[in-house]
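As a basis for the values below, the full set of heavy atoms in this structure was taken, side chains included, without hydrogen atoms, waters or symmetry mates. Model, not experiment: these values are computed from the prediction.
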Amino acid sequence: TLTQTTTQTIIPTFINSTSSPVYDECGPGNYKNMLGPDSCIPCEAGKYKTVGSGASGECLACGDGTYLPSTGAVSNTSCISCGFDVSGIYLLSSLPGSTSVQACSCPIGFQTESHFCSPCPADYYKPNLIPGPCLPCPLQSHAPSHGSAKCQCFAGFTSEYTPKRAHEQPLSEPHPGGQCRACTSGTFKPLEGGMECTECPVGAYGSPTNSTNATQCAVCPRGMLKLAAGDAPCQGPFFGSLQTAGHRDGPASNALFNEPAGLALYFNETSQQSVVIIADKLNHAIRAMYIEMNDMLVTTLAGTATVAAFADGAATSSSFNQPSDVHVVHLSISGNDITLCLIADGNNRRIRMLDLTGTAPLSVYTLAGTGAAGAADGRGSVASFNFP
């Protein structure tokens, strides 16, 4: 006896003859969130699904200020507006996907008083829709206007709130339970809000706490430097023996100068070092101090030390007469980056230039000045100066 086995074939339905089969498309107001033979189910309360949302699709939440108690809604027009408070002035709010009129409440920044919405007074805030009173702003912060949802830290103070949960982002304003903390010594904050305090710049050290301006960062004393931003201490003296005039290269702590008159700081791309260029006035020389935190080295870049004269050419054989100031500039000419040190050569009454590009040998040039005292304008070769 033969037994015939019959197999049932599921034939997919094609829409517009495309190659994508659609089995049992869920209609508006219904969805299907898993594979298998399960039936489509209605969108839950607080959500809806429109025509043409696809076979399974997603039910969308009713927006802020609405609610929907029923299931299977096919349009956002089914979402019911929360309406206004008793006064008819303030539009009520709700979280997206709310399912009951009880979810409607006064908007953020407002509290409920006898069924009326009233804005939080100055220096109070309300950050959520949970029924309840407005909260006082934390210490060292304020809410500048009525109806505030957040407070702002005063200038000189910043938010110290740290997120407690992984999904939270750091806030720019004080968080309930948090507070504004004073900017620490070596930092300042000029504006209200939750931005971070800014470090005092290089060359300036500790400011008072809760400082509001960079001018409150104290400048390092003469003969000392601060090489890092913030509250790092001034260090030094980095160069020269105090009250001892002379000319001596070598370790900065043992170097000698004679009335250094001008300084310029730049970063040497070739050696990857910070360098201080020094107009060593009465040594008639241009000196350099190469900065490393634990090893400062002073060298003579240009000029015949202790000899007052005038000579261009190779830096080692050049001469100056009481150089009074220096300034470093970076230029790009025809795609080439160059670094130049401009020198006010006081008693030579000239503006000189030391080419710092690349490595030694360096060269010195005269840019302007005849050498005679005067105040003539014009091309460099005819201009005159009087102890620039």
Discussion item. A side-chain contact here means heavy atoms from C-beta on lying under 4.5 Å apart; do Y31 and C59 qualify?
Written reply: yes
Discussion item. Taking Q322's backbone N and O only, do any of them form a donor-acceptor pair with H284's side chain (distance below 3.5 Å, no angle check)?
Written reply: yes
Item to complete: Report yes if some heavy atom in the side chain of E196 is under 4.5 Å from a heavy atom in the side chain of T198; otherwise report no.
Response: no
Worksheet item: How long is the gap from NZ on K126 to OG on S105, to the nearest 0.5 Å?
Response: 6.0 Å
Discussion item. Can a side-chain donor-acceptor contact be found between N336 and S334 if the only test is distance below 3.5 angstrom?
Written reply: no
Worksheet entry | 4.5 Å side-chain heavy-atom contact, V275 and L265 | no
Worksheet item: How long is the gap from CG on L356 to SG on C341, to the nearest 0.5 Å?
Response: 5.5 Å
Worksheet item: Looking just at side-chain N and O atoms, do N283 and T306 make a donor-acceptor pair shorter than 3.5 Å?
Response: no
Fill in: Least distance between heavy atoms, A376 atom then S384 atom
N-OG, 2.8 Å
Practice prompt. Begin with the C-alpha distance, continue with both residues' side-chain angles, and end with the deciding distance and a verdict on side-chain hydrogen bond (donor to acceptor under 3.5 Å, both in side chains) for D312 and T366.
Written response: CA-CA 7 Å; D312 284 337; T366 295; 2.8 Å; yes
Fill in: Shared hydrophobic cluster, I277 / F320 (ILVMFWY, side-chain heavy atoms < 4.5 Å)
yes
Worksheet entry | Distance, nearest 0.5 Å, that separates OG1 of T50 from CG of L60 | 6.5 Å
Worksheet entry | Note, N254 side chain near R248 side chain (heavy atom, < 4.5 Å) | yes
Worksheet item: Residues in ring-ring contact (aromatic ring centres under 6.0 Å, His included) with H142, at least two apart?
Response: F154
Worksheet item: With a cut-off of under 6.0 Å to the ring centre and 45° to the axis, is R181 in cation-pi contact with F157?
Response: no
Discussion item. One pair to check against side-chain contact (heavy atoms from CB on, under 4.5 Å): L68 and S70. What are the steps and the verdict?
Written reply: CA-CA 6 Å; L68 180 60; S70 59; 3.6 Å; yes
Discussion item. Taking the cut-offs as 6.0 angstrom to the six-membered ring centre and 45 degrees off its axis, would you call R349 and F387 a cation-pi pair?
Written reply: no
Fill in: Contact check, side chains of P388 and I351, non-hydrogen atoms, under 4.5 Å
yes
Fill in: Closest approach of S94 to G65 (non-hydrogen atoms, all atoms of both residues)
OG-N, 3.1 Å
Discussion item. Using the rule given for side-chain contact (heavy atoms from CB on, under 4.5 Å), can you reason through Y124 versus L135, listing the C-alpha separation, both sets of side-chain angles and the distance that settles it, and then say yes or no?
Written reply: CA-CA 5 Å; Y124 281 76; L135 305 171; 5.7 Å; no
Worksheet item: According to the ring-ring contact (aromatic ring centres under 6.0 Å, His included) rule, which pairs have a member within residues 66-92, sequence neighbours left out?
Response: Y90-F110
Practice prompt. For residues Q273 and I291, determine if any side-chain heavy atom of one lies less than 4.5 Å from a side-chain heavy atom of the other.
Written response: no
Worksheet entry | Residue pair L362, L301: steps toward the side-chain contact (heavy atoms from CB on, under 4.5 Å) verdict | CA-CA 8 Å; L362 307 178; L301 289 181; 4.0 Å; yes
Worksheet item: Is I41 reachable from Y48 through a run of I, L, V, M, F, W or Y residues, each pair having side-chain heavy atoms under 4.5 Å apart?
Response: no
Worksheet item: Which atom pair, heavy atoms only, marks the closest approach of A285 to P323?
Response: O-CG, 3.9 Å
Practice prompt. Output the distance between atom NE2 (H247) and atom OG1 (T304), rounded to the nearest 0.5 Å.
Written response: 10.0 Å
Worksheet, complete the sentence: Heavy-atom nearest pair, P190 first then A155, reads O-CB, 3.6 Å
Worksheet item: Can you find a pair of side-chain heavy atoms, one from E58 and one from K49, that are under 4.5 Å apart?
Response: no
Worksheet item: How about I130: does its CD1 atom have over 12 heavy atoms from other parts shown lying under 6.0 Å from it?
Response: no
Worksheet, complete the sentence: Interatomic distance, CD1@I343 vs OG@S324, rounded to 0.5 Å, equals 10.5 Å
Practice prompt. Determine whether the side chains of T300 and D249 contain a donor N or O and an acceptor N or O closer than 3.5 Å.
Written response: yes
Fill in: Shared hydrophobic cluster for L331 and Y365 (ILVMFWY, side-chain gaps under 4.5 Å)
yes
Item to complete: Find out if a path of hydrophobic residues (ILVMFWY) with successive side-chain heavy-atom gaps under 4.5 Å connects V328 to L342.
Response: no
Practice prompt. For T209 and A182, work out which heavy atoms get closest and say how close.
Written response: CB-CB, 4.5 Å
Discussion item. Quick check on the hydrophobic clustering: are L340 and V364 connected, directly or via other members, by side-chain heavy-atom contacts under 4.5 Å?
Written reply: no
Worksheet item: Hey, does V329 have a side-chain heavy atom less than 4.5 Å from the side chain of Y266?
Response: no
Worksheet item: For the residue pair A245 and N258, what are the closest heavy atoms and their distance?
Response: CB-OD1, 3.7 Å
Discussion item. Any side-chain to backbone donor/acceptor pair from R350 onto T370? Under 3.5 Å, distance only.
Written reply: yes
Worksheet item: What do the steps show when you test I286 against I278 for side-chain contact (heavy atoms from CB on, under 4.5 Å), and what is the final call?
Response: CA-CA 6 Å; I286 304 301; I278 305 147; over 6 Å; no
Practice prompt. Ignoring hydrogens and angles, tell me if any N or O in the side chain of N213 forms a donor-acceptor pair with the backbone of Q216 under 3.5 Å.
Written response: no
Worksheet, complete the sentence: Here the gap from D123 atom CG to C134 atom SG, rounded to the nearest 0.5 Å, amounts to 12.0 Å
Practice prompt. Salt-bridge test for R352 and D345: reply yes if a basic N is under 4.0 Å from a carboxylate O, no otherwise.
Written response: yes
